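Worksheet for the structure shown next.
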Amino acid sequence: MMIKLSPLTKRRFDQFCANRRGFWSLWLFLILLVLACAAEFVANDKPILVGFKNQFYMPVIQTNLPETVFGGDFETATDYRDPYVQELITKNGFMIWPPIRYSYDTINYDLPQPAPSPPTRDNLLGTDDQGRDVLARVIYGFRISVLFGLILTLCSSVIGVCIGALQGYYGGRVDLVTQRVIEMWSSLPSLYILIIFAAFFTPGFWTLLLILLLFSWVSLVDVVRAEFLRGRNFDYVRAARALGVSNIRIMFRHVLPNAMVATLTLLPFVLTGSITALTSLDFLGLGLPPGSPSLGELLAQGKNNLQAPWLGVTAFLSLAIMLTLLAFIGEAVRDAFDPRKTKL
C-alpha cells in the first residue's frame with residue numbers, strides 16, 4: 001500500500017532530500033540511534049545467546065540466571081566473565097558474545113597499567129579512571145542523551161505551543177499578562193535554581209527532565225504566538241468564527257497547522273539545546289546519578305585526567321558529531337519548510 005502525499009508535502013520532502021548534507025546526516029544519525037537503542041546487544045558483559053545442554057538462554061534479557069543453571073555452585077547471578085563459568089558452559093555448549101564484551105559499568109580488572117588505561121585491542125577507546133570501557137560508556141551515554149533530549153523537546157514543545165497559541169489567538173489582556181509572566185520567569189537564574197533543587201532531591205533522569213522542562217518550554221512560545229497573532233485575522237478564521245465554530249477547534253484545526261511550519265524548523269535546534277543542557281549539568285556534577293553513562297561525566301573525567309587525553313578527545317568528538325548531525329538536519333528541515341522554496 002503506497003502512501004499518497006499531497007503536492008506541498010512532496011515538494012517539501014524533495015527539498016529536504018535536495019540538501020544532501022542534511023539528508024545523509026539524518027541517515028547517519030538514525031543508524032547511530034538504532035545502534036545505541038540496541039546497546040545491550042552491542043556492548044554488554046553478558047552473552048547474547050548461551051546454548052547449554054540443548055537449552056538456550058538469552059542472558060541479555062534473562063539477567064538473573066543463577067550460576068547453578070550452568071553447573072556452578074552458587075545461587076547468585078552468573079558472572080559470565082568468570083573463567084570458571086566460561087569453562088563450564090563451553091564444555092557442554094557455547095556462548096555468543098556482543099562485539100564489545102563490556103557494559104557501561106563493567107570494570108576491567110586485567111588492565112595493562114593502572115586506570116585510566118590507554119586504548120588497547122580489548123578496550124578500543126581505553127578505560128576511564130575507574131577501569132570502565134570508554135566505548136561502552138559512549139554508546140550508552142549517546143542513548144541517554146538523545147532519549148533525554150527527545151522527551152524534553154516533545155514535552156516542552158507541547159507546553160510552548162499551547163501557551164503561545166492561547167496568547168496569540170486571544171491577545172489583549174491574556175497576551176499581556178502571560179507575556180509579563182514569561183518575561184519574569186525566563187529572567188530567573190536557572191542554574192542556581194537547579195543547584196537548589198539538586199540539594200533537595202536526588203538527581204535522576206525524570207527529576208532532571210522535570211526541572212529542565214520548567215525553563216525549556218519558553219523558547220517556542222514567541223514563534224507560535226507571532227504566527228497566531230498573524231493568523232487569527234485571516235478571512236477563513238473570521239468565517240469559521242462567524243459560523244459558530246468553537247475557539248479551540250479554530251485554534252488547533254485551522255491556525256495551528258500554519259504555525260507548526262515555523263515550530264518544526266526550530267525543533268532540531270531545541271533538541272540540540274536539550275542535549276547540551278544535560279551534558280553541562282553532568283559536567284558540573286548536577287546531572288545524572290554517579291555511575292550513570294554520561295558524556296558530560298566523561299568530559300569531566302577528561303578535565304581531571306589530563307594525562308589521559310583519550311578521555312577528553314572521545315567525549316569531545318562524540319558530542320561534536322552528534323550536535324553537528326543535528327544542526328545539519330535542522331538546516332535541511334528549515335530549507336524544506338522555507339515558503340520561498342516550496343511554492344507550488
Side-chain angles (χ1 to χ4, degrees), residues 31-147 202 204-205 282 288-295 297-298 301-302 305 308 310-311 314-315 318:
I31 291 172
L32 294 176
L33 181 59
V34 170
L35 290 176
C37 289
E40 284 78 9
F41 295 91
V42 177
N44 209 322
D45 55 1
K46 299 178 178 62
I48 298 175
L49 180 66
V50 173
F52 184 78
K53 293 183 179 180
N54 298 323
Q55 296 290 328
F56 295 96
Y57 306 93
M58 294 189 68
V60 170
I61 300 174
Q62 300 168 289
T63 56
N64 294 319
L65 288 173
E67 187 178 304
T68 52
V69 172
F70 306 107
D73 302 320
F74 303 104
E75 292 287 345
T76 55
T78 306
D79 180 9
Y80 298 93
R81 296 178 58 82
D82 187 347
Y84 173 69
V85 174
Q86 293 182 6
E87 184 180 355
L88 288 175
I89 296 176
T90 52
K91 279 184 178 179
N92 299 282
F94 64 90
M95 291 188 294
I96 299 177
W97 286 87
I100 303 171
R101 297 191 180 189
Y102 297 95
S103 186
Y104 68 91
D105 57 352
T106 306
I107 299 177
N108 186 358
Y109 293 101
D110 299 321
L111 295 175
Q113 66 182 59
S117 174
T120 61
R121 182 179 298 180
D122 195 27
N123 303 108
L124 296 179
L125 294 180
T127 63
D128 62 6
D129 57 7
Q130 298 183 36
R132 300 170 298 191
D133 187 74
V134 172
L135 181 55
R137 291 186 66 81
V138 166
I139 295 173
Y140 283 88
F142 179 89
R143 179 173 67 179
I144 287 182
S145 298
V146 173
L147 292 181
T202 302
F205 184 91
D282 288 335
L288 296 173
S292 301
S294 166
L295 299 179
E297 189 260 351
L298 190 59
Q301 286 203 33
N305 298 276
W310 57 88
L311 295 176
T314 300
S318 301

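Because the structure is predicted, anything quoted here is derived from the model rather than measured.
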(request) Apply the test side-chain contact (heavy atoms from CB on, under 4.5 Å) to residues Val50 and Ile96: give CA-CA distance (whole Å), side-chain angles for both, the deciding distance (0.1 Å), then the verdict. (result) CA-CA 6 Å; Val50 173; Ile96 299 177; over 6 Å; no

(message) I need the minimum non-hydrogen distance between Gly302 and Leu311, along with the two atoms involved.
(response) CA-CB, 3.9 Å

(request) Please round to the nearest 0.5 Å and tell me the distance separating atom CG of Asn305 and atom CG of Leu298. (result) 10.0 Å

(request) Taking the side chain as every heavy atom from C-beta outward, state whether Thr68 and Glu75 have any pair of such atoms under 4.5 Å apart. (result) yes

(message) Are the side chains of Asn64 and Thr78 in contact, using a 4.5 Å heavy-atom criterion?
(response) no

(message) Donor-acceptor pair, distance only, cut-off 3.5 Å: does the side chain of Gln62 make one with the backbone of Met58?
(response) yes

(request) If a pair satisfies salt bridge (Lys or Arg N to Asp or Glu O under 4.0 Å) and one of its residues is in residues 41-55, list it, with sequence neighbours excluded. (result) none

(message) What's the separation between atom OG1 in Thr106 and atom CD in Gln130, rounded to the nearest 0.5 Å?
(response) 12.5 Å

(message) Quick check: do Tyr80 and Glu67 have side-chain heavy atoms less than 4.5 Å from each other?
(response) no

(request) Can you tell me which residue pairs pass the side-chain hydrogen bond (donor to acceptor under 3.5 Å, both in side chains) test with a partner in residues 89-99, sequence neighbours excluded? (result) none

(request) Could you pull out the closest heavy-atom pair between Val42 and Pro99, with the gap in Å? (result) O-CD, 3.4 Å

(message) Would you say that Gln301 contacts Asp129 through its side chain, given a criterion of any heavy-atom pair below 4.5 Å between the two side chains?
(response) yes

(message) Quick one: does any side-chain atom of Ser292 pair with a main-chain N or O of Pro289 as donor and acceptor, under 3.5 Å?
(response) yes

(request) State, yes or no, whether a side-chain contact exists between Asp128 and Pro116 at a heavy-atom distance under 4.5 Å. (result) no

(request) Could you tell me which residues satisfy side-chain contact (heavy atoms from CB on, under 4.5 Å) with Phe56, sequence neighbours excluded, listed by chain and number? (result) Leu49, Phe94

(message) Is any side-chain heavy atom of Gln113 closer than 4.5 Å to one of Pro118?
(response) yes

(message) Counting C-beta onward and ignoring hydrogens, is there a side-chain heavy-atom pair between Val60 and Pro47 closer than 4.5 Å?
(response) no

(message) As an exercise, state the distance from CZ of Phe41 to CD1 of Ile48, rounded to the nearest 0.5 Å.
(response) 7.0 Å

(request) Might you point out which heavy atoms bring Leu88 and Phe52 nearest each other, and give the distance in Å? (result) O-CE1, 3.5 Å

(message) If I compare all heavy atoms of Leu135 with all of Leu124, which pair ends up nearest, and what's the gap?
(response) CD2-CD1, 4.1 Å

(request) Check side chain to side chain donor-acceptor pair (under 3.5 Å) between Ser318 and all other residues, then give those that pass, not counting sequence neighbours. (result) none

(request) Give the C-alpha distance, both sets of side-chain angles, the deciding distance and a yes or no for side-chain contact (heavy atoms from CB on, under 4.5 Å) between Leu125 and Trp310. (result) CA-CA 7 Å; Leu125 294 180; Trp310 57 88; over 6 Å; no

(request) Would you check if the side chain of Ser117 reaches a backbone N or O of Leu111 as a donor-acceptor pair within less than 3.5 Å? (result) no

(message) Please report the interatomic distance OH(Tyr84) to CG(Asp79), rounded to the nearest 0.5 Å.
(response) 13.0 Å

(message) Does atom OH (Tyr109) have a neighbourhood of more than 12 heavy atoms from anything else shown, all under 6.0 Å?
(response) no

(message) What's the separation between atom CZ in Arg81 and atom CZ in Arg101, rounded to the nearest 0.5 Å?
(response) 8.5 Å

(request) Identify which one of Asn44, Asp122, Ile107 satisfies the side chain to side chain contact (heavy atoms under 4.5 Å, CB included) criterion when paired with Tyr102. (result) Asp122

(message) Going by side-chain hydrogen bond (donor to acceptor under 3.5 Å, both in side chains), name the pairs with one or both residues in residues 133-143, residues two or more places apart or in two chains.
(response) Glu40-Arg143, Asn123-Asp133, Arg137-Glu297

(message) Once side chain to side chain donor-acceptor pair (under 3.5 Å) is applied, do any residues pair with Asp282, and if so which ones, sequence neighbours excluded?
(response) Ser294

(request) Kindly give the heavy-atom pair with the smallest separation between Pro59 and Tyr57, and that separation in Å. (result) CD-O, 3.4 Å

